[in-house]
Each structure stands twice: as C-alpha cells, then as structure tokens.
Amino acid sequence: MDDILHGLNKAQREAVTSEASVLQVLAPPGSGKTKTLTTRVAYLIAHRHLKPWNIITCTFTKKAANEMKERLRSFIGEELAKQIKLGTFHAIAAQYLRQYGQHIGLAKDFGIADTSDSKAIIKRIIKRRDLTSEVPKALGRISANKCKGIESGQFAQTAKNVDQQEFALIFSEYEAELMASNLLDYDDLLLRCCFLLRTHPQCVSNVQAVLIDEFQDTNTVQYDLMALFAQKRNMITIVGDPDQSIYGFRHAEIKNLNLMKDQWPDTLTINLEENYRSSGAILHAAQEVIEQDESRPQKKLQATHTYGLRPVLRKLPSAAAEASWLVSEIGRMCAMSGKVLQHSDFVILLRSAALSREIEAALGRDGVPYRMVGGKKFFERAEVKIVVDYLQIINQPSHSEAVERIINVPSRRIGDATVKSFREEASTKGISFWELICGVSQDKIRSTTKLPAATEKGVSSFVNVILSGRRKISEANDGQTSLVDLINLVVKKIDLQSYLKNKYENEYEARWSNVEELMAQAADASDPARLKAMVEEDSLPTIDGLEQRTAGSEDILSIFLANIALTSSAETKQAEGAEPVQQVTISTIHSAKGLEWPVVFIPACYEGSIPHSRSDDNDEERRLLYVGMTRAQALLYQSCPIKDTQRQETIMSSYLTQPGVQHHFEEHGPLMSIHEAKSLATTLRREQPTTASYEEGKKDLESELDNYWPLNGEQPPEERAKWDYGKATNHVTAFGTARSASWVASTSVTMQQQQGFSTASATMKPSFGSVKDLYDDLLGQDRLKAIDKKQAEAKNKSDAAAPKGKKRQIEGQGSIAGFFNKRRRPAEEADEADEVRGPVGLRSAHSDPLRDVSNIMPAEPPSSLPSKPLLSNSRQIRTAPLRKAPSARPSQPDSGYMFLSSSPRKPDDAENEPQPDLDEAEQAADIPQPQFKPASTFHTTSLQSLQQKPLAHGRRYGAKPSMNGWANRSRK
DNA sequence: GATTCGGGAATTTTT
DNA sequence: TTCCCGAATC
C-alpha cells in the first residue's frame, strides 16, 4: 500500500483510494492527473483485488496509452500490466468488434477507413451526383452527426431544406459505400461498439472498473461507450480539465462532466490544485491567458516551484528569422546552462504542422537533430502508404478505396477514365471493384469497359500482384506468416525502388528508408513471441455462454493493419543499450497534450495562426495556447514574426496583447547567469551546474546574448544592408534609421519607443525602456568587450578546427575588428547613429547609466510583477520588486544581469511572503514526478531512422528539410 | 481519347 | 503533399 501511495500528495491520495463508485478528478496542467489515474488502477488491483483484465482504461491518443502502460508496468509488473484493457477508445472498440462483431452481423475482417478513404468516397459521391458541397465540410458534418449518434436514415427523415436533403443524400450514400467495402470509419468503430454493448450487455459483464483519461475530450458517443462499458457495476473514474479541452472540432462535449453528475448523482469530485511541473513565472503567464475567458469558473492553481525565469515573448522580422533565432536560442541555452539542458529538453510547439517548414530548414542548416511529431504521420507518407495499401487489398480485396488509389501506382496506364468506368460497371453489376477487375483480367467477365492493350496488361499485372500476395498468405498459414516476406513480395513486384528513384531522385534514400522502417516494424510484429503477445493482448476475457471469435496467427495481417489505422505514431523502439538520440522535438500543440519539456517554444503567435483563421471557437484557441504554455517546466519562449510566411504584416495574437499579459514576458531570451542556470536546474530537479561546467559550456558560443535580432522585430543591420541598399533614405524618414541596432546601442530604446506608437509595439510599457537601456548599456560597456574578446579567441580556435554553424558569420570579417564592428557594435560607435535617430529626450536622463542608476530606475517596478496572485487565497510566489536592484547591483556584471533579468528571487521575498522557496521546491523534489521520456514514446520521423541506421548516403540532418516534401519544390 | 506531365495554388487540430 | 488545370504525348 505504502509503495503505491508513496509520493502522492493529499488530494492525489484521496483520489486514488476513494471508495466512491463514480469519481471525477479535476486537475489543472502538471498536477499529476495521469499519475493519479495510473496509481488508482494499480490500487484497485492491489487493494481491491480487481482483476486487471476486468479493468478498462481509455485514453485519447495512442501515445497516452503507451505512457500509461509504461508506468503501470513499473508499478505492478509486466505480467499484470499487459492484461489490463488499456488503449484508445477506438482501439478498444475495435477489439470488441473483432471479437463479438458477428453478433451484430459484422464481418470479421472489416477494414478501417482512414480519413483519406472517407474523403475519397465523399468526393466521388459529390462528383457523381453533381453536388456543390465541399468534401471536408461534408465529412465534418457526417462525423458530427455520427458523434452525436445520429444515423443517416434518421437524418434523412428530418431533413427539410434543400441543403439538408443534399447532405442526407451524401450521408446515406457514404454509409452505403463503406458498407459495400466492408469498412468502418473511426466513428463507426465507436458507434457499432455502442450498439453491440447495448444489444449484448454480456460482452462487458466482466468489467469491474472503467477509467477515462482526458475526459473533457469525450464526445457523446464516447460518453455512451464509457457508460456501456461500466453498465454492470458502474465503477467509473475519470480525470480531466475543462481548461484543456481542445478537441471541440472533434465534437468533444465539456457538458459530459455535468451529464455524468446527473446520471450518477453520487459522483464524487476531487480537485487537484498543485502544479509540480512549471516554474511560477510560466504559470502566472499561462494563468493570465486562460483567465481571459470570462465564462470560465475560477480555479485554484498552486505553484510549487520557485518563480524561475520569466517567459519570453519575442518579435522577429519574418518566419525565417524566427526560425533561425529559435535555433540559435536553443544553441545558446544548451551552452549557457552549464550542461543542464540538452537538445532533447526542447520542444517547438506549433498550431499547425505546416508551420514547421522554416524551422526544419533552420534546424537542418545548423545540424541540430530533430524529430517531428504530429503533422504527416509515418503511415501517411506516400511511399509507406503505397505499400500499406497493397497490404490492405491483399488482406481484404473489397477495400475499393485502396484499390482505386494504387491501381495505377506505379503507372500501369490505367487513368482516371478507366477507373471511373470500372467503378460504374462494378456498381451496376453489383460486385466490388476488385471482383470486376479480377474477373476481367481472367477473362471471366466480359467488361463493358473498352481497354487498350497497354491498359489491359496493366490491369492484369495489378491483379497478379494482389493474387500472389494472397497466395503467399494462404501458403504461409500452416507455416509461419511473414509480413516481411509479404512486403518484400509487393515491393519487388511493383519495383518500388525504381518507382521511388524516378519520382523523388535525390530524396530517394530518405523515402526508401521509410519503406525499410515499415519492414522493420513488420518484422517486429511477426516475431513469434511478439505475435503471441499481440494476439493475447488483443483478446478479451472469455465469457460463459457468449460466442467469441478468436484471432489466430492468420490474422496477423489484419491486426497489423488495424494497428496502423489506429496509430498516430509509429514508435521506433530504441535499440537496447543504445545511447538515446539527443534531438529537439517539433510537435503540434494538440499532440503535445499531457506531455512536458524543460524548454518550450511556441512560434507564430499571430492572429490567424493562433487563434487560427479557420477556427470559430476563440475560447478553444485560447485554451490551446494555454495547453502549449503549460507544457513548459522551466523556460517558455513565444514569438511572433512581424511578417508571416506570405510576407503579410501580422498582428500579434490577441491573447498576448490583452492588458496585463505583456508584463509577464521578457522581450528577449534570458541572460542565463550561473545563478539562473542553477535555478533552472532546481526547477528541473537536476544536478546543479558547477562554475566550471558553466564556463566550459559558454566557451564556444558565438554570442552569449539574445541580441542579434532587434527587439522590435526589424531586420538586423547586416540583413537590412543587404536588402535596403539604395533605399536607406526612405527608412530614415519612416523609421528614424536604417541602422536600428537596438540590441546593443545604449540609445536604441529611444528610437523604439518613438516607433512603438505607430507599430504593434505600442503595448510596450514606456518605463520598460529604461530597464532595457540599462541592460543594453551594461552589455555595451562593461561586458561586451570581454565577451567579444573571448569570442574572438574562441573563434580563432574554432576556425582552426572545423567550424560548425557558420551561418551568421559575416563575409570579410577575417579581422577581429570587423567582427566587433558588425556583430557587437560598441557603444561609442553606436553614438554616431544617434544623429539620425532624432529626439533623445529619454536618453538624456541616463546618458551614463552606470554611474547614475537611480535616475533611470522607476520608483515602482514597471512590469515584472504579476498584478495579482493567481488566486487571492493561495500562497503565491512573486518576483521581487526591481527597486531593490540598484543596491544589489554591484560592479560585477553577473549579479547585474541577474537583477535585470528579474527572474531570481529577491531578498524582499523573505520579508513579505510566506515563500514556498527552495526549501519547498526541494520537498517537492521528493515527489517522483511523471517524467516524459521523449525518445522512447514518440513517433520518430525517418530522419531519426536515418540517424540510427548509419546513413549510406552521407546526408544526415541535411541542409534542407528532406522529409517534408517541400524540398521537392526547390529542386529543379 | 486517354494518359502523363508541368506548373501553380493551398494546406487546422486527431482517432 | 495534394489538387487542379491545360498542354504535350501515346
């Protein structure tokens, strides 16, 4: 008992051990939700003597399911853990349908239609009927209805206006086509399972407990399914957080929380309130954002960490600049943190996967290893999909979608027209597409479709591939089924290698390695031990008097394919004993849910991206940003290019420009003094960096500061010089100066402020300028030369060795002088720019800030103090007022930086606040926290596989984003 | 007449 | 990458 409960706080413990039959655990991000749920499962088994195979646990993503499985394994051991029915709603539903589907007239080998199948079907219906509906809209509408449990017949009866009737037609034809191909779409899996459990409650008569993760994301059908799973004993535990509801587009119903209370009036609700993940500064900022939603009930959120480093909100000239800044910050943080941070500690969270382009390119340029999660999935990559489609058809030839998709891949001179004719013929003859072409090629059917000789040959070669595949399976039935052999057969028969070589030329290797990856996975799945485990895991407990169809080894292909359809991520298993690959993660915010990283970047924070222009639920977009922000443990970066990818001016996301938000952010990356590096390590519960390791890390750094890109989002001088040559005068009149080297010149802020009134930076607090001035001056005068000197030395050194990352080195800067001039203009040189800069009013007050600090320090801290505690009745950690700073600012640069960055706690705290400080953080450190293990839990792109298999072709993380396809474009 | 090929445009989030 | 269009090609 103690073992299991060890390390839980009071509320978590209460939730885990609760006697309540129906239990809701509501919990903010980072409060150990999933941990609580997992522990409860273990507790139910160990102390309530529930049988693992009678417990159903549903998650929303495969990833979450795997995480939980992993954790359970360490809790109750491999044996027990694998017997728990744990998976996504869809996976569990599919399991029930495979085993009991015959009771509702479902064929055993039903296929699962993925989105592209569904789209293709709808598209065809619309074309055939000459309708005006748009495919994605129709699909969404179909899904919306299905999620609410409305079937096509029902809808047709209530359809009134033309629009509804047209949709009713699409809906019912869509259903008919699925049926004809023996396919279930994602919604069908849930719906049919509901139907099964309603009509045959015996199927779940064994179920003792049902647990649901991320309950706020359930839709109506999933809710029903949950209730049906639990119908015998009504033992339900859910965990969730309405603030993290980001699946409205998938018809999630937050109402389900209340519905549950209505349905089971004795539902017990337990709130978890303590956040163990993020630094106080990050929580404050995130809280400020989520509280903009006024319809939202107030909630407690208690930070357990120190305030830490303030989040960063950075402006940059363009998406490309943003990407390159981001990559340089990753490098800088790795170096400046005294070895506390490494690549795998960073994640880049995107609103949409398409935003990854520039970032992948920038990472590639600097040779930073990365992997992409979400976005294009492994099994949807064209070359993989081809093979998978062949397998689908071999497994189940009635899968007409797949047939149509690849009958002409590689080209067999079977074009759209032929396909269309076949399709129509098949439907008039009442047979499937496959049956038709099979008959035609064997001269058993006289086709009405006229075929040229070449096409006819193409058809029979296609049929041949499928038939030999099927033969292979039936032969293998008595011996060993080998998926790998099957794949090899397909690959050979269609000569996939030549096809890929032709089509992708220089990308061929990467493509082919994806196919190899698929084979590796197939090999993995057909390993006898693994196969046995798979079949076992896939089986439900037997129930007396209920006929069950069991999976045999001949079903390995079915199971393999079903797994593919229900898998968002193909995890590449880490080779045992191998060093985990250190790589940065790129992910969509949606896919990052439930996970955490030490450092989080959220780029492209502008209107249209987040909130997304296509979204109609502003609150959900805000929650999405909140989810993104709260993934961060120690450091959060948000950024906004002032021009988007189309070079259009952007407006910063309104969530970040609301009054009260901006002062939670720093305008540039942290200075990362050794003190800050130590505090970072504390938040992460890692070993403190030593002075030696800190200095060591900095050695090879090009710049110790986030100072290359001007804070106002303009181009840095060098880049401007490139682009604006000859147009400089315009800029002088419009912006004050073309040389807006705001990053270092002591006076640049003056200019920025003037500019601020006419640009987005108007939200900037004027007083903040002086702080920045001081910052700049310190840099300029005290530290700068030393830094540069060291850098120049380092540079000389590294020049001798092979220089890495030369992207920002400036041409003709062989001399150190050139380096100084261009990279870090010393303050005295910057003065000459003043003339162009105009009024210097503000500047006069602190022309010598080093001597006269008190003059420029505002009486009250301008911006760094959160306006209010997160909640009035909770103990909060605050930053110290800056006013203490002058005295705290001795001549040693280090402490000066410390104070400027305003992140570490100040002596004031001790007097004013009951401080949950280091001591408490250390207490918290005793609590074992959910540790995310990126390398083993994530989908890995082929880029990783490229790295793991030493590449034959010498291109690792190449100079271009080789996998996202955009590379095609730049290829001539 | 059908197929292929090239160029240009658009691309939310997930099971 | 996919989709669409129109022109070149079989």
DNA chain B in dot-bracket, Watson-Crick or G-U pairs under 3.5 Å, [ ] crossing, | other strand? ||||||||||.....
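Using a 4.0 Å heavy-atom distance criterion, Lys123(A) is classed as a sugar-phosphate-only contact. Across all strands shown, Phe89(A) has no heavy atoms under 4.0 Å from either base or sugar-phosphate atoms.
Scanning for side chain to side chain contact (heavy atoms under 4.5 Å, CB included) contacts around Pro29(A) gives Asp241(A), Gln244(A), Arg277(A), Tyr626(A), Thr630(A), Arg631(A), with sequence neighbours left out. Every residue two or more places apart in sequence or in another chain that forms a side chain to side chain contact (heavy atoms under 4.5 Å, CB included) with Glu456(A) is listed here: Leu451(A). With sequence neighbours excluded, no residue forms a salt bridge (Lys or Arg N to Asp or Glu O under 4.0 Å) with Glu607(A). In terms of the side chain to side chain contact (heavy atoms under 4.5 Å, CB included) criterion, residue partners of Arg413(A) (sequence neighbours excluded) are, by chain and number, Ala454(A), Thr455(A).
Spacing between atom NZ of Lys119(A) and atom P of dT2(C) amounts to 11 Å, rounded to whole angstrom units.
Stacking between His612(A) and dT12(B) is present: the aromatic ring centre lies within less than 5.5 angstrom of the base six-membered ring centre, and the two planes differ by under 30 degrees.
Aromatic pair His590(A)/Phe249(A): centroids less than 6.0 angstrom apart. Residues Phe229(A) and Phe89(A) place their aromatic rings such that the two centres sit no closer than 6.0 Å.
Toward the 5' end of DNA chain B, the nearer of the two residues Asp187(A) and Glu621(A), judged by each one's closest nucleotide, is Glu621(A).
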Can you give one letter per nucleotide of nucleotides 1-6 of chain B, going 5' to 3': B for a protein heavy atom under 4.0 Å from the base, S for sugar-phosphate only, - for none? -SSS--
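A side-chain donor-acceptor contact under 3.5 Å links Glu322(A) and Ser639(A).
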